[in-house]
Amino acid sequence: MEKKIGSAALSLIKGDITHEETDAIVNAANSRLAGGGGVDGAIHRAGGPKIMEECRKIGGCPTGSAVITTGGNLKAKYVIHTVGPIYHDGKHNEAKLLSSAYKSSLEIAVKNGIKSLAFPSISTGAYGYPINEAAEIALKTVMDFIRADKGLSLVRFVLFSDQDFEVYKKALEKLTK
Ligand code: AR6
């Protein structure tokens, strides 16, 4: 599924983000940049040790922020590591921090001349963010950004399951009605 937003495309696909050929892919990291399971584990496995070497040098990344490293052996030239919030009850600034994780990733992409970028569904795995709410925040943040900033030509969400894809598809239909 794809929507034109100004001069950019916003696309949703089901797949494995480590196969993406966008200029950069985004990692759902932890604040120590220590690696882990889920998409973080998959990206480090596929991208090789150069990514972790750079993460170690950077040292960490506060929740809601983003840092950038090489893409190592990935097709993507860069990995942008962002840290989404751990979901408690929705009353701990989770929505703002999740939106900030997406926005910081988009900002660091533009700063590095990146034109195409792929996101996973940040915080909706190990960090427990309810995906219906997270999808709306993710899509709205990206749409607002690409409407205002002309630097990016493609932002893609790579959803790992049919179910997650359907949730994002419904949310995008609702937001673009
Ligand atoms: N491609 C695309 N999406 C994927 C892939 C993949 N290869 N693998 C998993 N997902 P999670 P979080 C989906 O848990 O909730 C890590 O240990 C997955 O199905 O990866 O932000 C970090 O080190 C889910 O929908 O990230 C942190 O400690 C989504 O990616 C913590 O988990 C996010 O799930 C971050 O938790």
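The analysis underlying the following values was restricted to heavy atoms, covering all of them including side chains, and did not include hydrogens, waters or symmetry mates. The first residue of the sequence shown is numbered 1, and numbering continues consecutively from there. Atoms within each ligand, like the ligands themselves, are counted from 1 in listed order.
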(message) Any salt bridge linking Lys111 with Glu107? Criterion: basic side-chain nitrogen under 4.0 Å from a carboxylate oxygen.
(response) no
(message) Hydrophobic cluster membership, with links at side-chain heavy-atom distances under 4.5 Å among I/L/V/M/F/W/Y: are Ile108 and Ile114 in one?
(response) yes
(request) Could you say whether the N/O atoms of Ala42 and ligand 1 ever approach to under 3.5 Å? (result) no
(message) Between Tyr87 and Tyr127, is the ring-ring contact (aromatic ring centres under 6.0 Å, His included) condition met? List the steps.
(response) CA-CA 6 Å; Tyr87 190 86; Tyr127 281 1; over 10 Å; no
(message) For atom 31 (C) of ligand 1, which of the options Phe160, Tyr127, Tyr129 provides the nearest non-hydrogen atom?
(response) Tyr127
(request) Quick one: pull up SG in Cys55 and CE in Met52 and give me the separation to the nearest 0.5 Å. (result) 5.5 Å
(request) With heavy atoms of Gly38 as the reference, note each atom of ligand 1 found under 4.0 Å away. (result) 8 (N), 9 (C), 20 (O)
(request) Supply the atom-to-atom distance Glu166 CD to Lys14 NZ, rounded to the nearest 0.5 angstrom. (result) 10.5 Å
(request) Would you check whether Ser123 has a nitrogen or oxygen atom less than 3.5 angstrom from a nitrogen or oxygen atom of ligand 1? (result) yes
(request) Could you tell me whether some N/O pair between Ala28 and ligand 1 is separated by less than 3.5 angstrom? (result) no
(request) Work out which heavy atom in Ala101 is nearest to a heavy atom in Thr82; give both atom names and the distance. (result) O-OG1, 3.2 Å
(request) Just jot down the side chain to side chain donor-acceptor pair (under 3.5 Å) partners of Ser121, sequence neighbours excluded, or say none. (result) Thr124, Tyr168
(message) Is there a polar contact, in the sense of an N or O pair closer than 3.5 Å, between Gly125 and ligand 1?
(response) yes
(message) Just to confirm my output: which protein heavy-atom neighbour is closest to atom 1 (N) of ligand 1, and how far is it?
(response) Ile17 N, 3.0 Å
(message) Under the side chain to side chain donor-acceptor pair (under 3.5 Å) definition, can you give me all pairs with a residue in residues 27-39, not counting sequence neighbours?
(response) Asn27-Asp40, Asn27-His81
(request) Taking only heavy atoms of Ser121 into account, list the atoms of ligand 1 that are under 4.0 Å away from them. (result) 29 (C), 33 (C)
(request) Among all protein heavy atoms, pick the one closest to atom 32 (O) of ligand 1 and tell me residue, atom and distance. (result) Ala126 CB, 3.7 Å
(message) Counting C-beta onward and ignoring hydrogens, is there a side-chain heavy-atom pair between Leu10 and Phe157 closer than 4.5 Å?
(response) yes
(request) Among Lys3, Glu2, Arg156, find the one that has a side-chain hydrogen bond (donor to acceptor under 3.5 Å, both in side chains) with Ser11. (result) Arg156
(message) What I'd like to find out is whether the side chain of Asp149 reaches to under 4.5 Å of the side chain of Leu106, using heavy atoms alone.
(response) no
(request) Using a 4.0 Å heavy-atom threshold (strictly under), name the region of Ile131 that reaches ligand 1: side chain, backbone, both or neither. (result) neither
(message) Check this for me - ligand 1, Val39, N or O atoms closer than 3.5 angstrom, yes or no?
(response) yes
(request) Mark up the atoms of ligand 1 that fall under 4.0 Å of a heavy atom belonging to Asp164, in ascending order. (result) 25 (O)
(request) Using a strict 4.0 Å cut-off to heavy atoms of Asp40, name the atoms of ligand 1 that fall inside it. (result) 22 (C), 23 (O)
(message) List ligand 1 atoms under 4.0 Å from Gly37, heavy atoms only on the residue side.
(response) 16 (C), 17 (O)
(request) Among all protein heavy atoms, pick out the one at the shortest distance from atom 7 (N) of ligand 1; state its residue, atom name and that distance to 0.1 Å. (result) Asp16 OD1, 2.9 Å
(request) Within a distance under 4.0 Å of any heavy atom of Gly36, pick out the atoms of ligand 1 and give their elements. (result) 17 (O), 23 (O)
(request) Work out whether the distance between some heavy atom of Gly35 and some atom of ligand 1 is less than 4.0 Å. (result) yes
